[in-house]
S.K.: 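Following this message is one structure expressed as structure tokens.
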Amino acid sequence: MAMDIPHKDATSSSTSCFSHFCSSALRAKALKPSSTDSSADGLIRRLGVFDLLLLGVGASIGAGIFVVTGTVARDAGPGVTISFILAGASCVLNALCYAELASRFPAVVGGAYLYAYTAFNEITAFLVFMQLMLDYHIGAASIARSLASYVATIFELIPALKGNIPPWVGHGGQEFFGGTLSINILAPILLALLTIILCQGVKESSAVNSLMTSTKVIIVIFVIIAGSFKIDVDNWSPFAPNGLGEILTGATVVFFAYVGFDAVANSAEESKRPQRDLPIGILGSLLICVLLYIAVCLVITGMVPYYMLGEDAPLAEAFTSKGLKYVSILISIGAVAGLTTTLLVGLYVQSRLYLGLGRDGLLPSIFAKVHPKRHTPVHSQVWVGIIAAVLGGLFNVHVLSHILSVGSLTGYSVVAACVVTLRWKKKTENQDSSKCISTWCEGVIWIVIVACCGFAAGALYRFGASFIFMIVALVIAVLACAALCFRQAYSEAPGFSCPWVPIVPSVCIFFNIFLFAQLHYEAWIRFVVLSLISVGIYAFYGQYHANPSSDDTIIYHMAPEEDGH
């Protein structure tokens, strides 16, 4: 019998560890109403609705508006305009989901991470954070390299520097060890400058973002007006030379040109009137981007036949071919402004996410510290800048572009699911516990079925399977959506309300996962591997330090009702 005791103790210990892991992973955060909206050690509310609009536009429109529109037009023809409309419509649906949750929980940072923590559980929230963060880190480093290249090009306008700037300064990078290392010193310098600006305070960083965003929007509008005088309407015929298929494929590509409006949701704790302004900032900035993209598409395909557009700088080449070389210079300046604001907002969002996890205990408490005078998460901001500087300064992160967008699509899908589940809780909280759990789990199963059907349809479309199989996947998704409609009871949201719940969120989930299936297969591997790593980090650190029910801070409290003044 004595020999069995250690075995029993080990078994009991393993069972206890697993039980603790499950209980920790499945706990959710409960937000409480509060009449207080600021604290001495918290962020400060300085962003108005105009700042939020520029924040969203700054995050979404980068140099891509001068490139993506033309490259997709080579395949879709003038029908690229429809591609942008379809992708914009899909993003508007996602934005409606974000707007509802930003209005429901407007007093705190966290975005998709916080929504998942509240609607689902701790492990889901941590997984969402990790997927988003890898996108942000690689994306920031990649954008910094692109910005360094554009800045170097502008420096070369000086005769003495033309052709004399070495690659290790700005253009690409100086490769070593067969390309394993790719040294670039200008990218880290630019990242350091932006990090310093962000550490100064949200007022200062917002002023820089507003200036740069206004500059690039003015340049884009000027480009549209100048180009409109060179349009030949015959170039718009045929409108869809390669058929509807290329237009739909183009929509899946340009969807990512709109990604960035979710940055507004992460500024919740620094918004002056979050319940009113956050939905306006999210939806308004997205609609501005949709209009600008459509106008640029019409201009570029009207100026030059779609099959004659260049691949590297199609918009600039189109204007040069029409004798408007000075516009090409403006486009380069606009690209610098666009990349600067995209990078600035990206670094800003990352630091706020780290701040949220530091407060929750899922990351070390140093990330939760806020500068008492500047009211910025300096430690988080510096950490984010260092990571981006190391990646951008030592590696050619452009080659990792095919594994990006996983975090964005995952986050958007989870946010849409959060809208549905949070609407249930108001109706089911007074039911007996067994029925509540059964109803909630059933609803989650239907949501998962919608997501699986989206992936199946996307994979079938990607690999050219028979159209009938995609119809079957779509029909199953429609049936699951119908089950969500008729087997669940829904309440109205307390603030901004996403229309037609659960239909709109279900459409978002289906299309987002459909796009997920279009990503490179290495992106799928990245999703699985990073998820396993995330579970490991949570198991060894997060579950023992997380504190989702802290009552000694107002950080996680819902904002009070607006007083109307």
S.K.: Where do E492 and S497 come nearest, in terms of heavy atoms and distance?
M.R.: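 Result for this residue pair: OE1-OG, 3.5 Å.
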S.K.: Can you give the donor-acceptor pairs under 3.5 Å from side chains of residues 234-241 to other protein atoms, not counting sequence neighbours?
M.R.:
| unit_1 | atom_1 | unit_2 | atom_2 | d |
| --- | --- | --- | --- | --- |
| N235 | ND2 | G302 | O | 2.8 |
| W236 | NE1 | L298 | O | 3.2 |
| W236 | NE1 | T301 | OG1 | 3.3 |

S.K.: Give the C-alpha distance, both sets of side-chain angles, the deciding distance and a yes or no for salt bridge (charged side-chain N to carboxylate O under 4.0 Å, His left out) between R74 and E246.
M.R.: CA-CA 10 Å; R74 286 176 61 87; E246 286 296 339; over 6 Å; no
S.K.: Would you check if L409 and I513 make a side-chain contact, meaning some heavy-atom pair closer than 4.5 Å?
M.R.: no
S.K.: What's the separation between atom CD1 in I143 and atom CG in L344, rounded to the nearest 0.5 Å?
M.R.: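 Here the interatomic distance stands at 11.0 Å.
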S.K.: Are V254 and Y293 close enough that some pair of their side-chain heavy atoms sits under 4.5 Å apart?
M.R.: no
S.K.: Is it the case that more than 12 heavy atoms not belonging to F469 sit under 6.0 Å from its CZ atom?
M.R.: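 Atom CZ in F469 is not packed in, count stays at 12 or less.
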S.K.: Return the CZ to CG distance between F395 and L391, rounded to the nearest 0.5 Å.
M.R.: 7.0 Å
S.K.: Where is the tightest heavy-atom contact between L484 and Q488, given as atom of each residue plus distance?
M.R.: O-CB, 3.4 Å
S.K.: Before you tell me yes or no, could you show the steps for V264 and L53 under side chain to side chain contact (heavy atoms under 4.5 Å, CB included), namely the whole-Å CA-CA distance, both residues' side-chain angles and the distance that decides it to 0.1 Å?
M.R.: CA-CA 8 Å; V264 180; L53 285 170; over 6 Å; no
S.K.: May I ask you to decide if D262's main-chain N or O and N266's side chain share a donor-acceptor pair within less than 3.5 Å?
M.R.: yes
S.K.: Below 3.5 Å, can you tabulate the donor-acceptor pairs from side chains in residues 278-290 to any protein atom, sequence neighbours excluded?
M.R.:
| unit_1 | atom_1 | unit_2 | atom_2 | d |
| --- | --- | --- | --- | --- |
| S285 | OG | G281 | O | 2.7 |
| S285 | OG | I282 | O | 3.2 |

S.K.: Apply the test side chain to side chain contact (heavy atoms under 4.5 Å, CB included) to residues C508 and Y412: give CA-CA distance (whole Å), side-chain angles for both, the deciding distance (0.1 Å), then the verdict.
M.R.: CA-CA 8 Å; C508 290; Y412 287 1; over 6 Å; no
S.K.: For atom CZ of F540, decide whether the heavy atoms of other residues, nucleotides or ligands shown that lie under 6.0 angstrom number more than 12.
M.R.: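 Incorrect, the count does not exceed 12.
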S.K.: When you look at V419 and Y98, which way does the side chain to side chain contact (heavy atoms under 4.5 Å, CB included) test go after all the steps?
M.R.: CA-CA 8 Å; V419 170; Y98 260 99; over 6 Å; no
S.K.: Kindly state each residue pair satisfying ring-ring contact (aromatic ring centres under 6.0 Å, His included) with at least one member in residues 297-318, sequence neighbours excluded.
M.R.: none
S.K.: Report yes or no: does S24 contribute a side-chain atom to a donor-acceptor pair with the main-chain N or O of F21 at less than 3.5 Å?
M.R.: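 Flag not set: sc S24 to bb F21 has no pair under 3.5 Å.
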S.K.: Okay, side chain of Y538, backbone of A25: is any donor-acceptor separation there less than 3.5 Å?
M.R.: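 Here the side-chain-to-backbone pair exists.
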S.K.: Strictly distance-based, threshold 3.5 Å: is any side-chain N or O of R526 a donor or acceptor partner for the main-chain N or O of I403?
M.R.: yes
S.K.: Is F84 close to T69 at the side-chain level, that is, under 4.5 Å between some pair of heavy atoms?
M.R.: yes
S.K.: If you take all heavy atoms of T342 and A59, which pair is closest and at what distance?
M.R.: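 What the structure gives for the nearest pair is CG2-O, 3.7 Å.
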S.K.: Are any non-hydrogen side-chain atoms of R352 and V349 less than 4.5 angstrom apart?
M.R.: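 No; the side chains remain at least 4.5 Å from each other.
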S.K.: Does anything in residues 57-67 form a side-chain hydrogen bond (donor to acceptor under 3.5 Å, both in side chains)? List the pairs, not counting sequence neighbours.
M.R.: none
S.K.: Quick one: are L114 and V109 in side-chain contact, heavy atoms under 4.5 Å?
M.R.: no
S.K.: Tell me, please, which residues at least two apart from E175 pass side chain to side chain contact (heavy atoms under 4.5 Å, CB included).
M.R.: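 Result, side chain to side chain contact (heavy atoms under 4.5 Å, CB included) vs E175: S182.
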S.K.: Can you name the one residue among F467, F511, F514, F455 that meets ring pair (Phe, Tyr, Trp, His ring centres under 6.0 Å) with Y461?
M.R.: F514
S.K.: Quick check against the 3.5 Å criterion: does R423 have a side-chain atom that pairs as donor or acceptor with the backbone of S491?
M.R.: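 Confirmed, R423 side chain pairs with S491 backbone.
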S.K.: Decide yes or no on side chain to side chain contact (heavy atoms under 4.5 Å, CB included) for E317 and L309, but give the supporting numbers first.
M.R.: CA-CA 8 Å; E317 292 174 14; L309 290 170; over 6 Å; no
S.K.: State, yes or no, whether a side-chain contact exists between T249 and V72 at a heavy-atom distance under 4.5 Å.
M.R.: no
S.K.: Examine distances only and state if a side-chain atom of S534 and a backbone atom of L127 form a donor-acceptor pair shorter than 3.5 Å.
M.R.: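 Answer holds: no.
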S.K.: Side chains of L315 and V296: closer than 4.5 Å at any heavy-atom pair?
M.R.: yes
S.K.: Taking atom types as modelled and ignoring hydrogens, do the side chains of Q131 and S531 form a donor-acceptor contact shorter than 3.5 angstrom?
M.R.: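 Distance-only check passes for Q131 and S531.
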S.K.: Under the 3.5 angstrom rule, does the side chain of E122 hit a backbone N or O of A28 as a donor-acceptor pair?
M.R.: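 Looks like no, no N/O pair under 3.5 Å.
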S.K.: Would you confirm whether S103, through its side chain, and A99, through its main-chain N or O, come within 3.5 Å as a donor-acceptor pair?
M.R.: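 Between the backbone of A99 and the side chain of S103 there is no qualifying donor-acceptor contact (under 3.5 Å).
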S.K.: Provide the closest heavy-atom pair for V420 versus P505 in the form atom of the first, atom of the second, distance.
M.R.: CG2-CB, 3.6 Å
S.K.: With rounding to the nearest 0.5 Å, note down the distance linking CG in N242 to CG in D75.
M.R.: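 Going from the CG atom of N242 to the CG atom of D75 covers 7.0 Å.
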S.K.: Find the distance between CD1 (I387) and OH (Y354) and round it off to the nearest 0.5 Å.
M.R.: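 The CD1 atom of I387 sits 6.0 Å away from the OH atom of Y354.
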S.K.: For I331, is there any backbone N or O sitting under 3.5 Å from a side-chain donor or acceptor partner on K216?
M.R.: no
S.K.: Of all heavy-atom pairs between Y115 and A265, which one has the smallest distance, and what is that distance?
M.R.: OH-CB, 3.6 Å
S.K.: Any side-chain to backbone donor/acceptor pair from N121 onto R27? Under 3.5 Å, distance only.
M.R.: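 A pair under 3.5 Å: no.
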S.K.: State which residues pass side chain to side chain contact (heavy atoms under 4.5 Å, CB included) with V444; sequence neighbours excluded, sorted by chain then number.
M.R.: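 V444 satisfies side chain to side chain contact (heavy atoms under 4.5 Å, CB included) with F120, W424, W440, V448 only.
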S.K.: Between A318 and S321, what is the shortest heavy-atom contact and its length?
M.R.: O-OG, 2.6 Å
S.K.: Taking the side chain as C-beta and beyond, is there a heavy-atom pair between M303 and F319 under 4.5 Å?
M.R.: yes
S.K.: How many angstroms lie between OH in Y113 and CE in M130, if you round to the nearest 0.5 Å?
M.R.: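 Between Y113 OH and M130 CE, I get 12.5 Å after rounding to 0.5 Å.
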S.K.: Roughly how far apart are S408 OG and L515 CG, rounded to 0.5 Å?
M.R.: 11.0 Å
